[in-house]
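Inspection log for the structure reproduced underneath, given as structure tokens.
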Amino acid sequence: MGGGPAVAPQLGSPAPPPVPPTTAGGFLDSILETKSELFRASREVLRDSYIPSRLPHREQQIRAVAEVLAPALRGDVPSNLLLYGKIGTGKTAVVSQVVQDIQRRAELASHIAFIYVNCGNIDTPYSLLQNIANTFAKTESDRIPTGWSLDRVQVAMRRLMESNGGTVILVLDEIDRLVARSGDGVLYTLSQINTELDNARLVLLGISNDLKFTNHLDARVRSRLNEEKILFPPYDALQLQDILRDRAKEAFRDGVVDPGVVERCAAYAALENGDARRALALLRLSAEMAERDRAKRITPDHVVKAKNRLEQDIILDCCRTLPPHCKVLLYAILQACERRRNGVLTGEVYDAYRRLAERLGLQPLHARSISNYVSELESLGLIRATIVSRGRGGRTREILVDVPISDTMPALEEDPLIAPVGRPHSRGQLLLTNFDNPGRTGPF
Ligand SMILES: Nc1ncnc2c1ncn2[C@@H]1O[C@H](COP(=O)(O)OP(=O)(O)OP(=O)(O)O)[C@@H](O)[C@H]1O
Ligand SMILES: [Mg+2]
């Protein structure tokens, strides 16, 4: 990779530290002290929170967002704006960049306030309004505490906005989650607040990865929010390559990224919805795989390992967030399949679940609820059901596990709910074994 100062990688130099560390702290110190032979400086460059100065293939969206917001610089009120597109398509990055650009024109932007709220972290309409209002609080006594009525918070928020004056651009990231959680009442309040303000103006900039969420909105809220809309299409493999090349130049020393690495990360991520976050995570993890191998270069094989590891992590995260009875059901299926080294018939699944729930001191759910959970596990890709013929006995469905049993069981056993029936073994060891010997290698 070109660019940046050429730092010759010290090929062939021995890696181990001079004094063998004896404590965990010693190991950590030695890892921290060892300068990475792959990374230039901070690995933050490959993290999600890092916003690069250039966003390739988003020029059109940057211009469109800037055009909508630019009137604010002239003291006019911009239209409300909705950005939508699948995950990892650069929505948040584009907005951050345009906001920074506007804020840089300090003399023009002094009357513009930006408020960024990630609605994924907001539980209630109250906390949303409280957050907005508190950004204008000049003294501690202005701040809105918890426990007021929603009406009182609204009045206080209006008063604070009014006394601050100017244009307030409120970025509501993951706005669809706010609506799913709390309905559209608070959006109604916000979208009509300008009718009650003299000195200040509120502009709403919603970001969503689901456009259909507007179908659930009150017609007035929908039309106000939809004044302008900008689509963020998924990236294709070539676009992802450009994004990754820029980042790799910043992140890695010269010459440590083998040909094919960027291409492979981009190809995998393009298959997964064209998600730039996924592509960057693959590149970062590939470098970490190379470091663990004490390799001097990142190779396409490291990408394959990284992909397997990323998939495993996603599966394990998914298992950990299942509702309790669904976890018990999955564990019962895993136990049955592990014992038989084969699938388990649907008729037997309920019995296995019921026995396990009783052992855990839980009141088993009805068969219908469990059948719904079987469908849910199937749609999550954790299990697969196939029709099997039983001769004269007709046809039935056989449940097969679609995840590595040896990793998934320990992940579920981490849950105090399942722990009492878990087996004593180390998840770390199991993961490492699997990770050194990846089962599936994907399309390459
Ligand atoms: N065109 C691009 N150039 C460089 N990096 C990009 C580009 N698009 C996205 N990224 C990077 O990919 C990651 C994901 O982007 P971002 O968070 O903007 O996606 P998003 O569309 O907001 O996703 P989500 O809907 O999941 O919130 C970030 O690290 C961002 O910096
Ligand atoms: Mg985002």
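Numbering of ligands and ligand atoms starts at 1, following listing order.
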Can you check whether [X] has an N/O within less than 3.5 Å of an N/O in ligand 1?
X: Ala93; result: yes
X: Thr92; result: yes
X: Ile87; result: no
X: Pro56; result: yes
X: Lys91; result: yes

Check this for me: does any side-chain nitrogen of one of [X] and [Y] sit under 4.0 Å from a carboxylate oxygen of the other?
X: Glu196; Y: Arg158; value: yes
X: Arg159; Y: Glu162; value: no
X: Glu59; Y: Arg54; value: no
X: Arg309; Y: Asp313; value: yes
X: Lys305; Y: Asp293; value: yes
X: Glu44; Y: Arg47; value: yes
X: Arg40; Y: Asp254; value: yes

Option whose closest heavy atom lies nearest to atom 29 (O) of ligand 1, chosen from Leu83, Asp48, Asn209
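Heavy atom nearest to atom 29 (O) of ligand 1 belongs to Asp48.
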Considering Gln97, Gln61, Arg58, Arg247, which one's heavy-atom position lies nearest to atom 6 (C) of ligand 1?
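The option holding the nearest heavy atom is Arg247.
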Could you tell me, atom by atom, which parts of ligand 1 come under 4.0 Å of a heavy atom of [X]?
X: Ile243; result: 1 (N), 2 (C), 3 (N), 4 (C), 5 (N), 7 (C)
X: Leu280; result: 11 (C), 12 (O), 29 (O)
X: Tyr50; result: 31 (O)
X: Ala276; result: 9 (C), 10 (N), 12 (O)
X: Thr89; result: 19 (O), 20 (P), 21 (O)

Please list the nearest protein heavy atom to [atom] with its residue and the distance rounded to 0.1 Å.
atom: atom 7 (C) of ligand 1; value: Tyr235 OH, 3.4 Å
atom: atom 26 (O) of ligand 1; value: Arg277 NH1, 2.9 Å
atom: atom 23 (O) of ligand 1; value: Gly88 N, 2.9 Å
atom: atom 19 (O) of ligand 1; value: Gly90 N, 3.3 Å

Does any donor atom in the side chain of Arg245 or Gln241 lie under 3.5 Å from an acceptor atom in the other side chain?
yes
Could you go through the side chain to side chain contact (heavy atoms under 4.5 Å, CB included) check for Val168 and Ile112 one step at a time?
CA-CA 6 Å; Val168 179; Ile112 306 174; over 6 Å; no
Main chain of [Y], side chain of [X]: is a donor-acceptor contact present, judged purely on distance under 3.5 Å?
X: His302; Y: Thr299; answer: yes
X: Ser223; Y: Arg220; answer: yes
X: Asp275; Y: Arg277; answer: yes
X: Ser369; Y: Leu365; answer: no

So, does Pro52 sit close enough to ligand 1 that a heavy atom of it is under 4.0 Å from the ligand?
yes
Contact check, Phe232 vs ligand 1, heavy-atom distance below 4.0 Å
no
Can you find a heavy atom in the side chain of Leu46 that is under 4.5 Å from one in the side chain of Tyr50?
no
Please find the pair of heavy atoms, one from Pro56 and one from Asp246, that lie closest to each other, and give the distance.
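Scanning both residues, the minimum pair turns out to be CG-OD2, 3.7 Å.
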Cut-off under 2.8 Å, centre the Mg ion (ligand 2), protein N/O/S atoms
Thr92 OG1
